[in-house]
Every structure is written in C-alpha cells, then in structure tokens.
Amino acid sequence: MHIKTVAVIGVGTMGQGIAEMLASKGLDVIIIERSDERLAYGIQMIELSLDKQIEKWALTKSEKKLIMNRIESSLNYDKLSDCELVIETITEDLELKKAIFEDIDRLCGPEVILASNTSTLSLTELASVTKYPDRVIGTHFIYPVSKIDVVEIVRGLKTSEETFVRTKHFVEEIIHKKGVMVFESPGFVTTRLICLFINEALHVLEEGVASAEDIDNAMRIGYSFQHGPFEMCDRFGLDSVLAALDRMFREYGELKYRPSIVLKKMVRAGHLGAKSGVGFFKYDKDGDRI
C-alpha cells in the first residue's frame with residue numbers, strides 16, 4: 001500500500017524535524033499535540049528551520065509555502081483514519097507511549113503501520129497493548145533528521161515481515177534514506193554506541209584530562225565528526241542522553257552504561273543543551289552556538 005499521509009504524534013525537536021522532512025518529500029503530514037501552545041510552538045520551529053534554509057539559498061519562499069501547506073495540525077486523533085503510517089515521537093516515557101499506542105491501535109485500521117521513534121524502549125512492550133502487534137515497528141530517526149540519511153528500522157518480537165518490508169520501502173523509496181534493520185535491543189545500534197562515546201568523554205572531562213572544548217576539537221578535527229561528543233550531547237539534549245544511559249544501565253546491568261555524575265548534575269541544574277540555551281556550551285534562541 002502506497003503511503004501518502006503520515007501522522008506525527010508529538011512535535012518536540014524530533015517531531016518537528018520528522019514532520020518537516022516528510023512534508024519536504026511531498027507527503028501530507030498531520031501533526032498531533034496535546035495543547036494549542038505546543039502545536040503553535042512546533043509549527044513556529046518548523047517555519048524557523050525553513051527560514052534558515054531560505055537564508056542559505058537552500059530553499060525558496062514558494063517551496064517553504066508548499067511544505068507548510070502539507071502540514072496540518074490537530075489536538076486529537078480524529079484524522080488518523082486518513083493515514084497509512086503513524087509515527088509516535090513523544091518523550092521516552094514507556095507508560096505514556098503505551099497509552100498512545102493503545103489509543104491509536106483502536107482508531108487505525110489493521111493495515112496502518114504504527115511506528116515509534118523511540119531510541120531505547122522495547123517495541124515488543126509497546127506492541128503488547130495493541131490488538132495488532134504485528135503492525136508495530138520502530139523507525140528511529142537521528143537528529144538532525146533532514147541531514148542524517150539513515151533510519152534504524154527496529155523489529156519487535158511480533159513485527160511481521162510485511163510490516164518490515166512496507167516500512168523499508170517507505171524509508172528507502174519514498175523518503176530516500178538508508179534503512180538499517182535492527183532487532184530489538186536497548187539502545188539499538190546508534191544510541192547504544194553514541195551514548196557510550198559521550199559517557200566516556202564525560203569521564204575524561206571529570207578526570208581533568210582535557211577541557212570540553214579541547215575534547216570536542218580532538219574528535220571533530222581528528223576523526224571527522226560533525227560535532228564533538230559534548231556538542232552532540234547538547235544537541236541531543238542532556239536529559240535525553242541521561243535517560244538513554246539510565247535505561248541501558250538497568251537493562252544490561254553493565255557499569256559502562258552508568259551515567260557520569262557530571263551529566264546528572266547538569267540535568268538537575270536544568271542545563272539541558274541547545275533547547276535550554278546552555279549545556280556544555282551556550283546557544284541562542286535559534287539553537288545556534290554562541
């Protein structure tokens with residue numbers, strides 16, 4: 001079945017990026033949030049992202065208008081019947097996600113794919129609250145969505161071959177990204193490896209081996225990373241990195257996943273990275289580093 005309309009539930013940083021990318025690929029997108037304020041903020045941030053591309057001559061004003069016209073906002077699930085695919089992108093809270101999957105499973109026909117952008121949670125557990133667990137799958141996009149051309153396609157225990165094939169076709173033929181098949185495991189591939197990288201950089205910082213700036217420069221220039229581990233952490237959100245490490249530490253029980261105390265302190269202080277304006281570095285309201 002061809003996918004023409006996609007619902008994105010939750011328009012935080014990842015939801016905004018996914019919705020913008022889908023609309024730019026010519027798909028109709030329905031974004032769903034729990035309040036008018038959050039919807040308005042999500043739309044505002046998508047527009048800001050498009051305006052930045054116009055400034056860099058990467059987009060025209062008419063193209064921006066076309067993209068925005070493909071995005072429709074809603075405070076409820078009434079329009080899910082129009083969708084062939086639903087992508088959930090809310091915060092990494094298992095109980096909240098399960099409640100959403102229970103609701104959308106009831107409202108969507110059995111042929112609609114229900115996907116989650118989770119980076120650490122169990123797809124099998126999310127699928128357990130649905131009548132059709134075979135159509136539940138993970139589509140883990142990586143920030144920034146428009147620039148990173150890989151998606152982890154995560155199979156839960158009951159994900160059907162048909163659901164996987166249709167999702168892979170969507171990822172590779174419709175939105176033109178590389179699909180990497182992953183069997184369910186906490187952190188999958190990308191989150192598991194990058195969080196360990198960030199956590200080890202935090203230990204190096206704790207030990208006073210080098211400053212955050214110098215560690216970032218060493219890895220960015222020496223190994224061609226787009227961002228060093230600390231700027232990466234700021235852009236992912238320190239709270240998101242901490243949540244991922246905490247969950248992997250609980251699931252695997254290995255000390256290498258135990259979050260650095262520096263990370264915990266910064267999250268407690270509200271220094272969450274680009275989204276709060278300060279993390280290991282400082283950022284302006286547009287998320288650009290100062």
Side-chain angles (χ1 to χ4, degrees), residues 1-51 53 59 63-119 121 123 126-127 129-132 135-141 143-146 151 163 166-167 170-171 174-175 237 240 275:
M1 186 174 63
H2 189 60
I3 294 172
K4 302 186 294 293
T5 307
V6 182
V8 177
I9 300 176
V11 278
T13 304
M14 288 304 294
Q16 293 157 21
I18 292 168
E20 179 192 326
M21 178 274 298
L22 294 173
S24 71
K25 301 289 185 184
L27 294 158
D28 292 323
V29 183
I30 300 164
I31 57 173
I32 301 170
E33 257 295 358
R34 58 179 185 234
S35 70
D36 284 319
E37 292 76 22
R38 292 181 69 85
L39 269 178
Y41 178 73
I43 291 166
Q44 179 190 349
M45 294 307 289
I46 292 169
E47 288 212 49
L48 184 65
S49 169
L50 296 172
D51 287 339
Q53 292 172 57
L59 200 71
E63 285 171 330
K64 174 193 168 182
K65 190 175 179 181
L66 274 174
I67 290 168
M68 292 308 299
N69 284 343
R70 292 190 191 110
I71 300 174
E72 185 179 350
S73 58
S74 178
L75 290 171
N76 53 55
Y77 299 143
D78 291 351
K79 296 186 180 293
L80 289 186
S81 57
D82 300 334
C83 302
E84 293 83 33
L85 169 66
V86 180
I87 303 174
E88 168 275 312
T89 69
I90 71 160
T91 187
E92 292 288 84
D93 183 311
L94 181 63
E95 293 310 314
L96 278 178
K97 286 181 186 281
K98 282 167 74 174
I100 285 172
F101 270 80
E102 197 168 6
D103 288 341
I104 61 179
D105 179 68
R106 196 168 55 247
L107 295 165
C108 296
E111 72 288 347
V112 179
I113 297 170
L114 306 186
S116 175
N117 184 57
T118 182
S119 56
L121 298 176
L123 273 305
L126 291 178
V129 298
T130 68
K131 287 181 189 169
Y132 306 104
R135 47 93 169 259
V136 175
I137 197 164
T139 50
H140 180 222
F141 293 86
Y143 178 86
V145 177
S146 60
V151 179
T163 299
R166 286 176 60 204
T167 306
F170 167 74
V171 168
I174 299 177
I175 62 172
S240 299
K275 61 186 171 186

- Query: Does the T5 side chain pair with the main chain of D28, one donor and one acceptor, at a distance under 3.5 Å?
  - Reply: no
- Task: Ignoring hydrogens and angles, tell me if any N or O in the side chain of E102 forms a donor-acceptor pair with the backbone of V129 under 3.5 Å.
- Result: no
- Message: Is there a side-chain contact between I43 and M68 in this structure, where contact means two heavy atoms from C-beta onward sitting under 4.5 Å apart?
- Response: yes
- Message: Quick check: do Y132 and T163 have side-chain heavy atoms less than 4.5 Å from each other?
- Response: no
- Note on the structure: Note: K64 and D51 closest approach over all heavy atoms is NZ-OD1, 2.9 Å
- Can you tell me how far the CD atom of E20 sits from the CZ atom of R70, to the nearest 0.5 Å? 12.0 Å
- To the nearest 0.5 Å, what is the distance between CD1 (I3) and CD1 (I113)? 4.5 Å
- Message: Determine whether I174 and H2 satisfy the following criterion, side chain to side chain contact (heavy atoms under 4.5 Å, CB included), listing intermediate values before the conclusion.
- Response: CA-CA 9 Å; I174 299 177; H2 189 60; 4.0 Å; yes
- Evaluation steps, side chain to side chain contact (heavy atoms under 4.5 Å, CB included), between F170 and L27: CA-CA 11 Å; F170 167 74; L27 294 158; 3.8 Å; yes
- Shortest non-hydrogen pair, V6 vs C83, comes out as C-SG, 4.1 Å
- Would you say R135's side chain and G109's backbone share a donor-acceptor pair under 3.5 angstrom? yes
- Message: Between T89 and I9 (side chain of the first, backbone of the second, donor and acceptor by atom type, cut-off under 3.5 Å), is there such a pair?
- Response: yes
- Output the distance between atom CG (L121) and atom NE2 (H140), rounded to the nearest 0.5 Å. 10.5 Å
- Query: Hey, what do you get for OG1 (T139) to CG (L123), rounding to the nearest 0.5 Å?
  - Reply: 8.5 Å
- What one should report as the nearest heavy-atom pair of E111 and R166 is O-NH1, 2.8 Å
- Message: For L75 versus S35, what's the shortest heavy-atom pair and its separation?
- Response: CD2-C, 3.3 Å
- Would you indicate whether the side-chain heavy atoms of L48 and Q44 approach each other to under 4.5 Å? no
- Taking the side chain as C-beta and beyond, is there a heavy-atom pair between S119 and M14 under 4.5 Å? no
- Task: Specify the closest pair of heavy atoms between I87 and I18, including all atoms of both residues, with the distance to one decimal.
- Result: CD1-CG2, 4.2 Å
- Going from CG on L126 to CD1 on I100, what distance comes out if it is rounded to the nearest 0.5 angstrom? 10.0 Å
- Does a side-chain heavy-atom distance below 4.5 Å link N117 with V8? no
- Task: Please determine which of V112, I30, I32 meets the side chain to side chain contact (heavy atoms under 4.5 Å, CB included) test together with V86.
- Result: V112
- Message: As an exercise, state the distance from CG of L22 to OG of S146, rounded to the nearest 0.5 Å.
- Response: 11.5 Å
- Item | Distance-minimising heavy-atom pair for A19 and I31 | CB-CG2, 3.6 Å
- When you measure from the side chain of E88 to the backbone N and O of I90, does any donor-acceptor pair fall under 3.5 Å? yes
- Query: Going by heavy atoms in the side chains, are K131 and D105 under 4.5 Å from each other?
  - Reply: yes
- Task: Inspect the contact between E92 and K97 and indicate whether a charged nitrogen and a carboxylate oxygen are less than 4.0 angstrom apart.
- Result: yes
- Quick one: does E84's side chain have a donor or acceptor within less than 3.5 Å of a partner on K4's backbone? yes
- Query: Residues in side chain to side chain contact (heavy atoms under 4.5 Å, CB included) with M21, at least two apart?
  - Reply: K25, F141, V145, I175, K177
- Hey, mind stepping through K275 and S240 against side chain to side chain contact (heavy atoms under 4.5 Å, CB included) and telling me if it holds? CA-CA 11 Å; K275 61 186 171 186; S240 299; 4.1 Å; yes
